[in-house]
Amino acid sequence: MSSSTCRRWLAAAGTAAALALVVGCTSNTPEAEDTGAAQAPAAAATGNDEPGDKVVIGFSAPAADHGWMGSITKSAVAEAAKYSDVELVQAEATNDVNLQISQIEQFINDGVDAIVLLPFDGAALTEVAIKAMQAGIVVVNVDREFEDSDAARTTILGDNYGMGVSAGAYICGELGGTPDAKVAEIAGIDSLPLTQDRSRGFSDALSACGLEVSNRVAADFTVQGGEAAAANLLQAAPELDAIWNHDDDQGVGVMAAIENAGRDEFIMVGGAGSKNVMEAIQADDSVLKATVIYPSTQAADGIKLARLLVQGKSMSDLVEVEVPRTIQLYAPVVTKENVEQYLPTAFES
């Protein structure tokens with residue numbers, strides 16, 4: 001579609017329609033105006049991936065005691081290896097807050113150019129991250145936010161509320177015509193804000209189609225916890241139409257409990273996007289029909305952004321000359337129809 005045509009359509013469209021049209025009117029490829037006027041040559045590529053000044057990046061993340069967390073570290077290391085101008089200094093993965101703080105202090109003493117940090121506890125790591133920023137080191141905060149925005153140049157987040165919305169919207173699409181449908185929820189750790197956000201998004205999406213959560217239990221993001229929580233849920237709810245399980249790692253246990261109970265009268269939606277769940281969706285021979293992505297590529301994106309920031313580059317697909325302050329990744333629903341698109345970046349549970 002030519003840009004002049006887009007402008008005419010956008011001018012005539014209402015707000016909602018205009019938002020939809022913007023997608024069709026946006027392209028990375030210059031297109032001639034339909035007036036036939038001569039166009040200036042397209043600008044040269046920014047060459048962000050071309051080698052530049054050497055960038056030393058310190059990387060720290062919690063222990064890989066969970067498939068998603070393991071993928072966070074694995075993908076970050078793999079991304080750094082793609083660049084000849086990046087030297088990655090990887091700290092030992094740890095769930096010890098004090099040890100992680102000492103790792104960042106060591107990065108500061110070593111004079112690294114940037115730190116990509118997924119803090120075990122964002123609040124506890126805020127002070128040392130501020131110290132790094134004050135030392136002139138670019139800090140990229142991943143997944144768990146600091147208490148002070150000045151503690152990081154850029155923050156990369158998943159969308160926990162959006163996960164709940166996506167899961168609820170999918171279930172609404174499947175069960176929305178059944179007003180008395182019984183919908184269950186298997187949450188993660190209830191004390192965590194991320195779990196609370198996921199549950200809130202799920203409830204909000206269900207309410208939009210007249211449904212609500214009839215049975216809810218919380219697990220702990222582990223296989224064992226998922227199996228125990230699901231067993232309790234299935235015993236308390238002899239009949240269900242749908243289940244949303246917040247986390248695909250604990251979902252291994254959830255599926256074991258479902259199989260042990262011999263239940264298959266409902267559909268199930270997973271959460272985070274593990275490879276085994278996607279393969280089950282692809283096979284279409286179980287209650288698993290969908291999962292909602294919580295990207296395990298956040299730290300890999302952090303590596304790319306740290307490199308751009310240190311080298312003074314911008315994101316080439318944006319007009320803005322600076323890397324954005326906050327980037328929140330999308331939480332799409334993966335189904336049998338689109339699973340092949342997401343399998344390459346899925347993590348192993």
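These figures come from a predicted structure and were not determined experimentally. In this chain, numbering begins with 1 at the start of the sequence shown.
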At their closest point, which heavy atom of Ala229 faces which heavy atom of Ala219, and how far apart are they? CB-CB, 3.9 Å

Considering only Ile, Leu, Val, Met, Phe, Trp and Tyr, and joining two whenever side-chain heavy atoms are under 4.5 Å apart, list the other residues clustered with Ile130. none

Does the side chain of Lys275 reach to within under 4.5 Å of the side chain of Asp248, using non-hydrogen atoms? no

Holding to side chain to side chain donor-acceptor pair (under 3.5 Å), I want the full list of residues that pass it with Asp220, two or more places apart in sequence or in another chain. Thr222

List, by chain and number, the other hydrophobic cluster members for Met278, where Ile, Leu, Val, Met, Phe, Trp and Tyr join if side-chain heavy atoms come within less than 4.5 Å, directly or indirectly. Ile293, Val334, Val339, Tyr342, Leu343

Might you confirm whether atom CD of Glu127 has over 12 heavy atoms from other residues, nucleotides or ligands at distances under 6.0 Å? no

Contact check, side chains of Arg198 and Glu185, non-hydrogen atoms, under 4.5 Å: no

Locate the shortest heavy-atom distance separating Ile303 from Ala76; write the atom from each residue and the value. CG1-O, 3.8 Å

For a quick test of reading the model, state the closest non-hydrogen atom pair linking Ala242 to Phe266 and the distance between them. N-CB, 3.7 Å

Quick one: does any side-chain atom of Asn48 pair with a main-chain N or O of Ser314 as donor and acceptor, under 3.5 Å? yes

May I have all residue pairs that pass disulfide (SG to SG under 2.5 Å) and include part of residues 116-195, sequence neighbours excluded? Cys172-Cys209

Salt bridge or not for Arg200 and Asp197, using N-O below 4.0 Å? yes

Which pairs would a plain distance check flag for residues 175-182, meaning a side-chain donor or acceptor within less than 3.5 Å of a matching protein atom at least two apart in sequence or in another chain?
none

Within this structure, what is the CG-OG1 distance for the pair Asn141 and Thr154, rounded to the nearest 0.5 Å? 9.5 Å

Any side-chain heavy atom of Val323 within less than 4.5 Å of one from Arg153? yes

Can you find a pair of side-chain heavy atoms, one from Glu265 and one from Leu240, that are under 4.5 Å apart? yes

Enumerate the residue pairs fulfilling disulfide (SG to SG under 2.5 Å) with a member in residues 58-121, sequence neighbours excluded, ordered by first and then second residue. none

Go through it in stages, so that I can follow the logic: the residues are Leu305 and Ile327, the test is side chain to side chain contact (heavy atoms under 4.5 Å, CB included), and I'd like the CA-CA distance, side-chain angles, deciding distance and then a yes or no. CA-CA 10 Å; Leu305 292 180; Ile327 297 174; 3.4 Å; yes

Could you give all pairs that pass the ring pair (Phe, Tyr, Trp, His ring centres under 6.0 Å) test and reach residues 192-226, with sequence neighbours left out? Phe202-Trp244

May I ask you to decide whether Arg216 forms a salt bridge with Asp190, counting only side-chain N to carboxylate O separations under 4.0 Å? yes

Begin from the C-alpha positions of Val140 and Ile57 and carry the test side chain to side chain contact (heavy atoms under 4.5 Å, CB included) through to its verdict. CA-CA 10 Å; Val140 178; Ile57 302 175; over 6 Å; no

Among Ile, Leu, Val, Met, Phe, Trp and Tyr joined by side-chain contacts under 4.5 Å, find the other residues sharing a cluster with Tyr161 and list them by chain and number. Val165

Test item: His66 and Asp247 side chains (from C-beta on) under 4.5 Å apart, heavy atoms: yes

Where do Ala93 and Ala64 come nearest, in terms of heavy atoms and distance? CB-N, 4.4 Å

Tell me whether the count of non-hydrogen atoms from other residues, nucleotides or ligands lying under 6.0 Å of CD in Glu279 goes above 12. yes

Scan residues 85-138 for pairs that pass ring pair (Phe, Tyr, Trp, His ring centres under 6.0 Å), counting only residues two or more places apart or in two chains. none

Roughly how far, to the nearest 0.5 Å, is CG of Leu117 from CZ of Phe59? 8.5 Å

Give a yes or no on whether Asp53 atom CG has more than 12 heavy-atom contacts from other residues, nucleotides or ligands under 6.0 Å away. no

Non-hydrogen side-chain atoms of His246 and Ser199 separated by less than 4.5 Å: yes

Nearest 0.5 Å, please: how far is CE in Met268 from NZ in Lys289? 12.0 Å

Measuring from atom CD of Glu50 to atom CD of Gln311, what distance do you get when rounded to the nearest 0.5 angstrom? 11.0 Å

On a heavy-atom basis, the closest approach of Ala231 and Ala257 is N-CB, 3.8 Å

Checking the side chain of Gln250 only, and the main-chain atoms of Val223 only, is there a donor and an acceptor separated by less than 3.5 Å? no

Side-chain (Ser166) to main-chain (Ala331) donor-acceptor, under 3.5 angstrom: yes

Determine whether a donor-acceptor pair (N or O, by modelled atom type, separation under 3.5 Å) exists between the side chain of Asp143 and the backbone of Leu118. no

Residue Glu340 excluded, over 12 heavy atoms near CD under 6.0 Å: no

Taken to the nearest 0.5 Å, the spacing of Ser214 OG from Leu206 CG works out to 9.5 Å

Using modelled atom types and a 3.5 Å cut-off, is there a donor and acceptor pairing between side-chain atoms of Arg263 and backbone atoms of Leu234? yes

Can you name the residues that form a side chain to side chain donor-acceptor pair (under 3.5 Å) with Asp159, not counting sequence neighbours? none

With Phe146, which residues qualify under ring pair (Phe, Tyr, Trp, His ring centres under 6.0 Å), at least two apart? none

Side-chain (Thr126) to main-chain (Glu147) donor-acceptor, under 3.5 angstrom: yes

By the ring pair (Phe, Tyr, Trp, His ring centres under 6.0 Å) test, which pairs, at least two apart or in different chains, include something from residues 289-334? Trp68-Tyr294

Evaluate the side-chain proximity of Thr94 to Gln103: yes if any heavy-atom separation is below 4.5 Å, no if none is. yes

Heavy atoms, side chains only, cut-off 4.5 Å: are Asp301 and Glu79 in contact? no

What heavy-atom pair brings Leu99 and Ser102 nearest, and what distance separates the two atoms? O-OG, 2.6 Å

Can you measure from CD1 (Ile72) to OG1 (Thr297) and round to the nearest 0.5 angstrom? 7.0 Å

Could you walk me through whether Glu145 and Thr155 pass side chain to side chain donor-acceptor pair (under 3.5 Å), step by step? CA-CA 7 Å; Glu145 291 183 88; Thr155 299; 5.4 Å; no

